[in-house]
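To start, the structure itself, in structure tokens.
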Amino acid sequence: MNSSLLDGLNPPQLEAVTLPDVSALILAGAGSGKTRVLTTRIAYLIQSRRVSPSGLLAVTFTNKAAREMLTRLSAMLPINTRGMWIGTFHGLCNRLLRAHHREAALPQSFQILDSSDQLSMVKRVMKSMNLDDEKFPPRQVQWFIANNKEHGLRASAVDTTDDFSRRMNEVYELYDQQCQREGVVDFAELLLRAFELLSRNEILREHYRARFHHILVDEFQDTNKLQYGWLRLLAGRDNFVFAVGDDDQSVYRFRGAEPGNMFGFDRDFPGARVIKLEQNYRSHGNILDAANALISHNRTRLGKNLWTAEGSGEQLRVYEAPSDLDEARYIVDEVRNLRAEGMRSTDIALLYRSNAQSRVLEHALFGAGLSYRVYGGLRFFERQEIKHALAYLRLIANPEDDGALLRVINFPTRGIGARSIESLQESATVHGTSLWQTACSNPPGGKAGASIGTFVRLIEGLRNSVTGLPLAEIVEAVVGGSTLKDHYQTERDGAERIENLDELVNAAATFNSEDLYDPAAPDGGAVDPNDPLAMLNAFLAHAALEAGEHQAGAGEDALQLMTVHSSKGLEFHAVFVSGMEEGLFPHENSLNEEDGLEEERRLMYVALTRARRRLYLTYAQSRMLHGQTRYHIRSRFFDEIPEQLLKRVNAVPQRSALGGMSSFGGFGRSSGGGGGNSLASSVAASASGWRVGQNVTHPKFGAGVIVNAEGRGADARVQVNFRDAGVKWLALEYAKLSAA
DNA sequence: TACCTCCACGTTTTT
DNA sequence: CGTGGAGGTA
């Protein structure tokens with residue numbers, strides 16, 4: 001039994017899985033069996049080391065990762081995973097706070113704000129302060145609040161240095177007060193509140209410390225300061241943290257991730273072991289060599305080199321397109337070829353640095369009749385109609401939730417306009433009560449008051465009618481009774497919204513209380529499926545914490561389109577990385593940021609290591625961006641990959657723009673590939689040392705940029721758009737052009 | 001209240 | 001170019 005568990009592990013994997021009681025940092029390279037090691041470690045602890053499943057805490061970054069861990073674990077062990085604390089940081093903190101809501105000073109039915117709810121709340125608070133949202137962009141204030149919370153800082157602890165941040169901090173303070181009044185918490189608050197609860201409350205802290213001797217963390221490089229503090233707090237001196245991560249795949253620094261948590265691990269956990277998993281089971285050698293070479297240009301690294309027992313495989317295919325349209329056309333052609341060879345579409349990924357780049361690709365794919373799926377769109381629980389229905393439900397669960405009330409008090413419209421709402425808010429401020437209480441006891445007079453009375457009776461009627469009903473019937477009654485469906489019936493594209501509302505009822509019906517309910521759990525964190533209110537709260541928390549798969553329509557054989565960020569953790573047989581241009585990838589904004597280029601390089605490393613067998617890197621000389629054609633040179637990342645690993649498939653010999661020989665100098669073989677006249681132009685221009693998009697100066701015409709080229713050798717001519725002199729064709733042999 | 005037009009903006013994003 | 005938000009008008 002035990003041996004089968006460990007069968008097939010390589011020596012470092014085996015060492016990691018069977019470590020004694022110590023803290024450990026597992027540096028797991030891309031495709032090195034990270035998830036396998038993590039889950040096998042859990043299984044090993046339970047089976048061989050007789051650790052009780054309830055004595056383990058495993059924390060991930062995403063719900064998907066948590067689900068996968070649970071699935072794999074139940075396949076490995078004949079145990080009930082229900083009582084186990086495996087989940088996301090936010091999910092586990094929610095669980096903790098529900099179980100100890102009194103100690104955490106929260107109402108039992110506290111609700112969770114997602115980012116858009118949080119933004120509305122910020123706007124509302126700023127409005128009450130009469131803060132100019134021109135001068136203080138709400139998004140920036142929202143970021144300020146979240147960022148401070150993620151550093152463990154309450155408003156009272158924020159060190160404000162200037163008037164601007166002092167003012168934002170005032171919003172922060174009032175925002176927190178308002179959340180507290182309403183009984184709502186934002187995402188960062190879940191973590192901070194749980195952290196403070198355990199810091200302050202010694203009894204609880206010791207209870208959980210005594211319980212969780214083993215704490216396992218996935219994607220450790222993505223943890224922020226607060227999450228790290230939370231881990232350390234729970235670990236105390238006597239427990240063991242098993243952290244798995246890859247500093248080379250840290251690409252969320254912009255969102256608060258502190259890869260530095262990895263670098264300080266052995267300082268904070270004295271005696272911690274460090275194990276590197278460097279054998280890659282995913283990619284062929286050339287792909288890994290390219291990735292290794294690229295990432296070696298980063299200075300801030302723990303240091304790791306992937307290797308594979310497989311052969312070198314193919315070279316990386318590099319395609320230079322005259323334009324983004326040609327690039328898309330080439331990709332479509334190649335996809336067709338791959339499919340003709342029998343590759344499934346789902347095994348092919350089209351990656352890009354930023355979402356805006358998907359449009360051209362989608363257009364080309366659509367035109368070619370190839371089915372594709374774009375990741376990163378609007379998610380189920382974020383849809384307008386779903387948020388509305390959830391707001392009705394939230395209001396029933398917790399009437400103090402002003403945000404929920406404001407969302408639906410006049411949706412569908414019932415004659416409560418901006419003025420009525422404003423006077424309601426004023427009255428609430430005067431009386432120091434929630435909007436709901438004000439609407440009940442101190443409604444404004446006149447017609448507005450009458451409409452508000454109708455709304456109050458609607459909500460009360462709904463609340464009474466669903467008391468004691470099972471979850472699905474509650475949701476069904478509210479979706480129906482709210483007249484949301486009737487409203488969408490009259491809308492032009494309301495049919496899909498109605499479908500989604502029906503889908504919400506289904507989601508409630510299949511909402512799995514089993515995952516949450518463990519009768520044997522020693523703490524009170526379990527949700528009793530027979531307690532309708534508890535189930536409703538759990539469902540609403542689920543809606544906020546797990547916004548749902550991006551889109552339906554999964555399952556069918558479709559190409560996978562996504563940003564490089566979204567591709568982290570996935571793998572594909574063939575991968576196209578498009579838009580490999582300076583300014584796009586690395587993104588121009590990153591160049592001004594501290595460590596920005598290194599993060600871009602890590603991102604590129606992620607992109608390269610997604611591919612198992614075939615990897616395409618494509619770029620375009622010209623690209624439509626923000627409504628105008630822009631000219632970029634190919635990404636510097638090409639220069640960081642050894643030449644012999646690259647194969648230029650459209651054989652454009654090219655000298656670099658700055659005059660030196662490019663890393664492609666040795667390629668001259670001609671093969672297929674799209675392109676038309678403009679391709680010929682690019683050949684002409686680049687062969688002569690000039691390229692489209694290059695800035696030049698002319699002794700007579702002054703400064704300009706090359707916009708086109710034709711001919712070769714003595715006939716080569718370039719078209720230059722001069723700042724002052726307009727567009728002119730110049731023969732290269734005679735014109736005294738120089739690079740600017 | 002609803003619709004329309006104009007303007008600003010444009011990296012990555014989970015919970 | 002395309003979108004989303006804001007503000008103005010019917």
Side-chain angles (χ1 to χ4, degrees), chain A residues 59-66 87-94 112-119 123 133-134 137-139 143 146 149-150 185-192 194 218-219 222-224 226-227 250-257 324 351-360 362-363 375-379 381-382 410-421 451 490-492 541-550 562-569 579 583-593 596 599-600 602-604 606-607 623-630:
Chain A
V59 58
T60 63
F61 213 62
T62 65
N63 291 299
K64 199 174 152 201
T88 63
F89 279 102
H90 294 85
L92 295 176
C93 287
N94 175 51
I112 300 168
L113 304 183
D114 69 13
S115 311
S116 66
D117 298 331
Q118 185 188 24
L119 185 62
K123 285 180 180 165
D133 54 6
E134 296 272 292
R139 293 197 163 277
W143 180 85
K149 286 190 181 185
E150 281 168 4
V185 296
D186 61 49
F187 287 138
E189 182 72 23
L190 282 170
L191 298 178
L192 183 53
D218 190 19
E219 300 280 14
D222 287 338
T223 53
N224 63 32
L226 180 55
Q227 288 161 335
S250 161
V251 293
Y252 286 113
R253 219 183 37 122
F254 71 95
R255 170 180 104 181
D324 49 350
L351 307 184
Y352 33 81
R353 174 64 179 83
S354 64
N355 283 306
Q357 289 168 247
S358 76
R359 186 179 314 274
V360 172
E362 285 184 67
H363 188 79
Y375 287 75
L378 191 60
R379 298 160 10 145
F381 287 108
E382 289 168 356
N410 198 35
F411 193 95
T413 50
R414 48 177 72 84
I416 305 177
R419 292 180 314 281
S420 318
I421 291 172
S451 306
T490 65
E491 262 200 359
R492 284 178 303 284
H542 167 80
L545 291 176
E546 185 165 359
E549 289 299 298
H550 288 281
M562 67 191 83
T563 63
V564 180
H565 278 95
S566 323
S567 76
K568 188 155 81 87
L584 270 184
F585 201 4
H587 196 277
E588 51 197 354
N589 294 2
S590 72
L591 302 179
N592 313 318
E593 291 162 14
E599 177 129 328
E600 294 291 304
R602 288 191 291 268
L603 199 51
M604 183 65 199
V606 168
R623 180 177 296 276
M624 258 323 227
L625 211 60
H626 308 327
Q628 52 185 333
T629 307
R630 304 216 346 207

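Throughout, protein chains are lettered first and strands after them, A, B, ... in sequence-line order, and every chain is numbered starting at 1.
- Between the OH atom of A:Tyr352 and the P atom of B:dG10 there is a distance of 20 Å, rounded to whole Å.
- Atom pair A:Asp133:CG and C:dG7:P shows a separation of 8 Å (rounding to whole Å applied).
- When each of A:Arg419 and A:Glu382 is assigned the nucleotide of DNA chain B bearing its nearest heavy atom, the one mapping closer to the 5' terminus is A:Arg419.
- Between A:Arg379 and the phosphate of B:dT15, there is a side-chain N or O to OP1/OP2 separation shorter than 4.0 Å.
- Look at A:Asp222 and A:Lys568 and you find a salt bridge, because one of the NZ, NE, NH1 or NH2 atoms lies within 4.0 Å of a carboxylate O, short of that distance.
- One atom, CZ of A:Arg353, and another, C1' of B:dT12, lie 5 Å apart when rounded to the nearest Å.
- No donor-acceptor pair under 3.5 Å is formed between the side chain of A:Glu599 and the backbone N or O of A:Gly596.
- For the pair A:Leu191 CG and B:dT15 C1', the interatomic distance rounds to 8 Å; values are reported in whole Å.
- At whole-Å resolution of the value, CZ in A:Arg623 and P in B:dG10 are 19 Å apart.
- Contact annotation for A:Tyr252: backbone-only contact, meaning every heavy-atom pair under 4.0 Å involves sugar-phosphate atoms and none involves a base.
- Within the structure, every side-chain polar atom (N or O) of A:Asn589 is placed at least 4.0 Å from both OP1 and OP2 of B:dG10.
- Atom CD of A:Glu219 is separated from atom P of B:dT15 by 12 Å (rounded to the nearest Å).
- The residue A:Ile416 sits close only to the backbone: its heavy atoms come under 4.0 Å of sugar-phosphate atoms, none of a base.
- No donor-acceptor contact under 3.5 Å links the side chain of A:Thr62 to the base of B:dT15.
- Just one residue in the list A:Leu113, A:Thr88, A:Asn94 forms a side chain to side chain contact (heavy atoms under 4.5 Å, CB included) with A:Leu190, and that residue is A:Asn94.
- Side-chain nitrogen and oxygen atoms of A:Ser590 include none within less than 4.0 Å of the OP1 or OP2 phosphate oxygen of B:dT11.
- Summarising the local packing, CZ of A:Arg414 is surrounded by more than 12 heavy atoms from other residues, nucleotides or ligands at distances under 6.0 Å.
- In this structure, the CG atom of A:Leu119 is 13 Å from the C1' atom of C:dG4, given to the nearest Å.
- Under 4.0 angstrom from either OP1 or OP2 of B:dT12 there lies at least one side-chain N or O belonging to A:Asn355.
- Rounded to whole Å, the separation between the P atoms of B:dT12 and C:dG5 comes to 16 Å.
- When each of B:dA2, B:dT11, B:dT13 is scored by its nearest atom to the side-chain atoms of A:Thr413, the top-ranked nucleotide is B:dA2.
- A:Phe254 and A:His565 have perpendicular rings, their planes meeting at more than 60° on a 0 to 90° scale where under 30° would count as parallel.
- Between A:Glu593 and A:Arg414, the residue anchored nearer the 5' end of DNA chain B, judged by the nucleotide with its closest heavy atom, is A:Arg414.
- A close approach under 4.0 Å does occur between a side-chain nitrogen or oxygen of A:Asn63 and OP1 or OP2 of B:dT15.
- When heavy atoms are screened at a 4.0 angstrom cut-off, A:Phe254 is found touching base atoms of the nucleic acid.
- A:Ser115 has no side-chain polar atom (N or O) that falls below the 4.0 Å cut-off from OP1 or OP2 of B:dT13.
- Side chains of A:Glu593 and A:Ser590: a donor-acceptor N/O pair is absent below 3.5 angstrom, by distance only.
- Between the CH2 atom of A:Trp143 and the C1' atom of B:dT11 there is a distance of 16 Å, given to the nearest Å.
- We find that the ring of A:His587 and the base of B:dT11 stack, their centres lying under 5.5 angstrom apart and their planes tilted less than 30°.
- For B:dT15, the OP1/OP2 oxygens have no side-chain nitrogen or oxygen of A:Asn94 closer than 4.0 Å.
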